2 protein chains.
Amino acid sequence: MTDDDRVFKALADPTRRFLLDLLFARDGRTLTELESGLEMTRFGVMKHLRLLEEAGLVVTRKSGREKLHFLNPVPIRLIHDRWIDKYTERPVSALAELKAELEDES
Amino acid sequence: MTDDDRVFKALADPTRRFLLDLLFARDGRTLTELESGLEMTRFGVMKHLRLLEEAGLVVTRKSGREKLHFLNPVPIRLIHDRWIDKYTERPVSALAELKAELEDES
DNA sequence: AAGATAGGTGACCGAATGGTCACATGTCCA
DNA sequence: TGGACATGTGACCATTCGGTCACCTATCTT
């Protein structure tokens with residue numbers, strides 16, 4: 001399993017993306033705290049967090065009996081860089097904004 | 001199945017990412033042409049291209065009996081925007097470049 | 001018209017994935 | 001010290017996914 005394979009596989013599940021959303025909103029949460037926002041057992045959440053950590057999308061730090069989780073955005077940026085040319089970045093970004101606005105209105 | 005779910009699922013497979021790489025290098029290829037670069041039957045490649053198209057990562061145009069495939073980078077940009085804050089974008093980008101350089105050297 | 005070429009459909013099978021549970025370890029606090 | 005709390009492990013099962021095949025339609029060329 002290559003490095004980027006782990007990243008893309010990790011992002012393929014909606015629960016794991018939601019976990020990233022939670023951490024994007026506020027970092028440094030524990031497993032129990034993250035679990036409370038999901039309709040799933042602790043074990044399911046743990047498995048998801050492990051995959052995110054192995055992919056490098058989440059980094060952790062232990063503090064006593066707690067494990068704190070932090071979002072690491074670098075792999076996301078690398079995805080972007082893989083298929084978006086530096087020279088065409090500006091127009092693509094404009095299109096992305098347009099699409100986001102249209103969806104907000106509807 | 002939501003829109004972004006389709007995108008992330010589509011990106012989860014290495015063959016599909018390689019197809020995007022091929023189209024990023026040069027657009028407008030046919031199924032047969034894309035198939036020739038892969039060790040897989042035409043049917044496998046067809047399935048992958050269909051998922052990429054349903055995700056909006058690839059757009060197509062028919063020309064006679066041929067179907068031409070083009071890369072659409074907009075969904076990629078939206079992934080980026082989801083977890084990378086506009087205000088912290090610059091430092092993250094710098095880190096991403098550093099990581100890419102380090103991997104080139106090793 | 002007829003063969004060759006490009007693409008398409010539905011069924012099928014082995015492998016990987018998402019989720020749960022019984023059970024276990026380490027840490028905090030009364 | 002003992003119980004409550006936070007996290008961890010391995011086995012297990014249903015579902016999804018990647019890939020192939022038999023068979024089919026549409027277009028081009030001579």
Side-chain angles (χ1 to χ4, degrees), chain A residues 1-23 26-71 75, chain B residues 1-23 26-71 75:
Chain A
M1 171 99 70
T2 65
D3 233 46
D4 71 293
D5 208 23
R6 265 183 284 273
V7 173
F8 287 105
K9 287 253 169 65
L11 290 174
D13 181 86
T15 302
R16 288 195 288 271
R17 292 196 298 275
F18 182 64
L19 286 169
L20 292 184
D21 289 338
L22 289 178
L23 293 178
R26 181 167 52 77
D27 256 336
R29 310 205 198 207
T30 68
L31 164 61
T32 315
E33 184 178 358
L34 291 167
E35 174 206 347
S36 71
L38 289 172
E39 296 190 349
M40 188 183 304
T41 62
R42 180 172 55 88
F43 308 100
V45 179
M46 255 185 53
K47 266 197 176 179
H48 286 307
L49 285 173
R50 197 173 71 89
L51 291 183
L52 287 170
E53 190 174 357
E54 286 175 355
L57 286 160
V58 163
V59 292
T60 62
R61 181 162 54 83
K62 288 207 96 174
S63 167
R65 62 180 163 182
E66 293 183 332
K67 187 173 178 183
L68 307 179
H69 298 76
F70 301 85
L71 174 64
Chain B
M1 170 99 70
T2 65
D3 233 44
D4 70 296
D5 208 23
R6 265 183 285 273
V7 173
F8 287 106
K9 287 256 169 64
L11 289 174
D13 181 85
T15 301
R16 290 195 286 272
R17 292 196 297 274
F18 182 64
L19 286 169
L20 292 183
D21 289 338
L22 289 177
L23 293 178
R26 183 168 51 78
D27 257 335
R29 310 206 199 206
T30 67
L31 165 61
T32 316
E33 185 179 357
L34 291 167
E35 174 206 346
S36 71
L38 289 173
E39 297 190 348
M40 188 184 303
T41 62
R42 179 172 56 88
F43 309 99
V45 180
M46 255 184 53
K47 267 197 175 180
H48 287 307
L49 285 173
R50 196 171 72 89
L51 292 183
L52 286 170
E53 191 175 356
E54 287 174 355
L57 286 161
V58 163
V59 292
T60 61
R61 181 163 53 83
K62 288 205 94 173
S63 166
R65 63 180 162 180
E66 293 184 333
K67 187 175 180 183
L68 307 180
H69 298 77
F70 301 85
L71 175 64

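Chain letters run A, B, ... following the sequence lines, proteins first and then strands; every chain starts at 1. Small disclaimer: the values here were computed from a predicted structure and weren't measured.
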Any donor-acceptor pair under 3.5 Å linking the side chain of [X] with the backbone of [Y]?
X       : Y       : result
B/Arg61 : B/Phe70 : no
A/Arg29 : A/Leu34 : no
A/Arg16 : A/Leu52 : no

Any base atoms under 4.0 Å from B/Lys9, or only sugar-phosphate, or nothing? Heavy atoms, all strands.
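Counting heavy atoms under 4.0 Å across all strands, the contact made by B/Lys9 is with sugar-phosphate only.
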Between which nucleotides of DNA chain D, 5' to 3', does chain B make heavy-atom contacts below 4.0 Å?
D/dC17 to D/dC28
Tell me, with the steps shown, if A/Leu51 and A/Leu57 meet side chain to side chain contact (heavy atoms under 4.5 Å, CB included).
CA-CA 9 Å; A/Leu51 291 183; A/Leu57 286 160; over 6 Å; no
Enumerate the residues from residues 31-46 of chain B whose closest heavy atom to DNA chain C is under 4.0 Å, giving them by residue number; use none for an empty result.
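Close to the strand are B/Leu31, B/Thr32, B/Arg42, B/Phe43, B/Met46.
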Separation of atom [atom1] in [X] from atom [atom2] in [N], rounded to whole Å:
X       : N      : atom1 : atom2 : result
B/Met1  : C/dG18 : CE    : P     : 13 Å
B/His48 : C/dG8  : NE2   : C1'   : 16 Å
B/Asp13 : C/dT17 : CG    : P     : 11 Å
B/Arg29 : C/dA6  : CZ    : P     : 16 Å
A/Glu66 : C/dC28 : CD    : P     : 9 Å
A/Phe8  : C/dT17 : CZ    : P     : 16 Å

Presence of A/Lys67 side-chain N/O under 4.0 Å of C/dG26 phosphate oxygens OP1/OP2:
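So the side chain of A/Lys67 is outside the cut-off, no N or O lying under 4.0 Å from OP1 or OP2 of C/dG26.
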Going through the distances and angles, do A/Met1 and A/Glu54 end up as a side chain to side chain contact (heavy atoms under 4.5 Å, CB included)?
CA-CA 11 Å; A/Met1 171 99 70; A/Glu54 286 175 355; over 6 Å; no
Closest-nucleotide ordering on DNA chain C, the 5'-leading residue of B/Arg50 and A/Lys62
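Looking at DNA chain C, the more 5' nearest nucleotide goes with B/Arg50.
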Evaluation steps, side chain to side chain contact (heavy atoms under 4.5 Å, CB included), between B/Glu33 and B/Leu22:
CA-CA 10 Å; B/Glu33 185 179 357; B/Leu22 289 177; over 6 Å; no
Judged by modelled atom types alone, do A/Glu66 and A/Thr30 share a side-chain donor-acceptor pair under 3.5 Å?
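Per modelled atom types, A/Glu66 and A/Thr30 side chains form no pair under 3.5 Å.
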Steps toward side chain to side chain contact (heavy atoms under 4.5 Å, CB included) verdict (A/Leu31, A/Lys67):
CA-CA 7 Å; A/Leu31 164 61; A/Lys67 187 173 178 183; over 6 Å; no
Side chains of A/Leu11 and A/Val7: closer than 4.5 Å at any heavy-atom pair?
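Of all side-chain heavy-atom pairs linking A/Val7 with A/Leu11, at least one is under 4.5 Å.
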